[in-house]
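Source: prediction; values computed, not measured. Counting starts at 1 for both ligands and their atoms, following the listed order.
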Amino acid sequence: MPKKLSRGQLIAATAPFLAAAPIARVAWPDGAEAAAPSATHFGHNHDHAGQGHAAMIGEAVPSIARSAEIDALLIPPKVLPYRPGRVREYELVAVDKEIEVAKGVRFPAWTYNGTAPGPVIRATEDDLLRIHFANAGSHPHTIHFHGIHPANMDGVFEVVQPGRTFTYEFPAKPYGMHLYHCHATPLKKHIHKGLYGAFIIDPKKPRKPAQELVMVMNGFDTDGDGENNFYAVNGPAFYHARHPITVRRSQTVRIYLANLTEFDLLNSFHLHGDFFRYYPTGSTEQFEYTDTVMLTQGQRGILEIDFANTGVFMFHAHQSEFAELGWMGFFNVVD
Ligand code: CU
Ligand code: CU
């Protein structure tokens, strides 16, 4: 059995701003014991200049190979113009599934439809949402949606046992960026295991066209000590550092952002090289113009970026610790 690394050791070990070699070695637990850096590593690496200290990008990054499943989580379903009386149907199946949360690090997740986060649910305000939920997992689960709906559609009291189904049905409102997650107890465990996702309700008056992305900030406690060992958006650590997101300067980039990180009270999103309009919860026209937003558990909002420059720009949690454990990525802005 490999020895467990403390969170501090893991942070030191996976710091992407240090030399690439130690990261590749300790990113997976098998090699972690041998490669665990000494406490003096940070203070004594001045001679490493030239092989470290730069942010890593592309193939050098210890993340998983490109995955159609993960890529799909980044792109929301298409917005549909408001039409009275429309029904939007989704099927969510809770399944226990081992997922790769960092290169070579597997996590026994509980998922909706096989990924953590689960699929993006999207509707236009006043669409009738009908969500068919089947529990194919080994524990009782529910789906609790944020938003306005009747008490018996709230996913708290109607717990769905393994092998059973439940249909949630309610008009989608209010418009904004929301979220959904399991509300069975113990709640912290059911959420942290992976049962959560983004829930977008579009206003009847459509937002202006944009390159739309969804980012669900999450973390994974892979050693069961109640602290996250890896952080990310949409699943695997460092995924968009290895696979940067190409966007066009000529069109607004709109990011639907939610914080589903367990254990840590706060998470954040910081953009390099530009500012964005931040609409808290996406439910009004009010925005803040900034380059950093802080979200507590369950908080979410919409970012709109009009990139002024082409080039490669980093985005990451401004908690350096989170960034160095996987919550970082790059935009490749092109003309
Ligand atoms: Cu659950
Ligand atoms: Cu919630």
Determine, step by step, whether Ile143 and Phe145 satisfy the side chain to side chain contact (heavy atoms under 4.5 Å, CB included) criterion, reporting the C-alpha distance in whole Å, the side-chain angles of both residues, the deciding distance to 0.1 Å, and the verdict.
CA-CA 6 Å; Ile143 310 176; Phe145 296 88; 3.4 Å; yes
Passing option when Trp110 is tested against His141, His181, His192 for ring pair (Phe, Tyr, Trp, His ring centres under 6.0 Å):
His141
How about Cys182: does one of its N, O or S atoms come closer than 2.8 Å to the Cu ion (ligand 1)?
yes
Arg130 and Glu169 ion-paired at < 4.0 Å:
yes
Name, closest N/O/S atom of His190 to the Cu ion (ligand 1):
ND1
Write the atom name of the N, O or S atom in His141 that is nearest the Cu ion (ligand 1).
ND1
With respect to the Cu ion (ligand 1), please indicate if His183 possesses an N, O or S atom at a distance under 2.8 Å.
no
Check whether the side chains of Asn267 and Tyr231 place a donor and an acceptor atom closer than 3.5 Å, and report yes or no.
no
Sub-3.5 Å donor-acceptor pair from the side chain of Glu304 to the main-chain atoms of Arg277, do we have one?
no
Once rounded to 10°, what is the value of the angle centred on the Cu ion (ligand 2) between His146 NE2 and His181 NE2?
120°
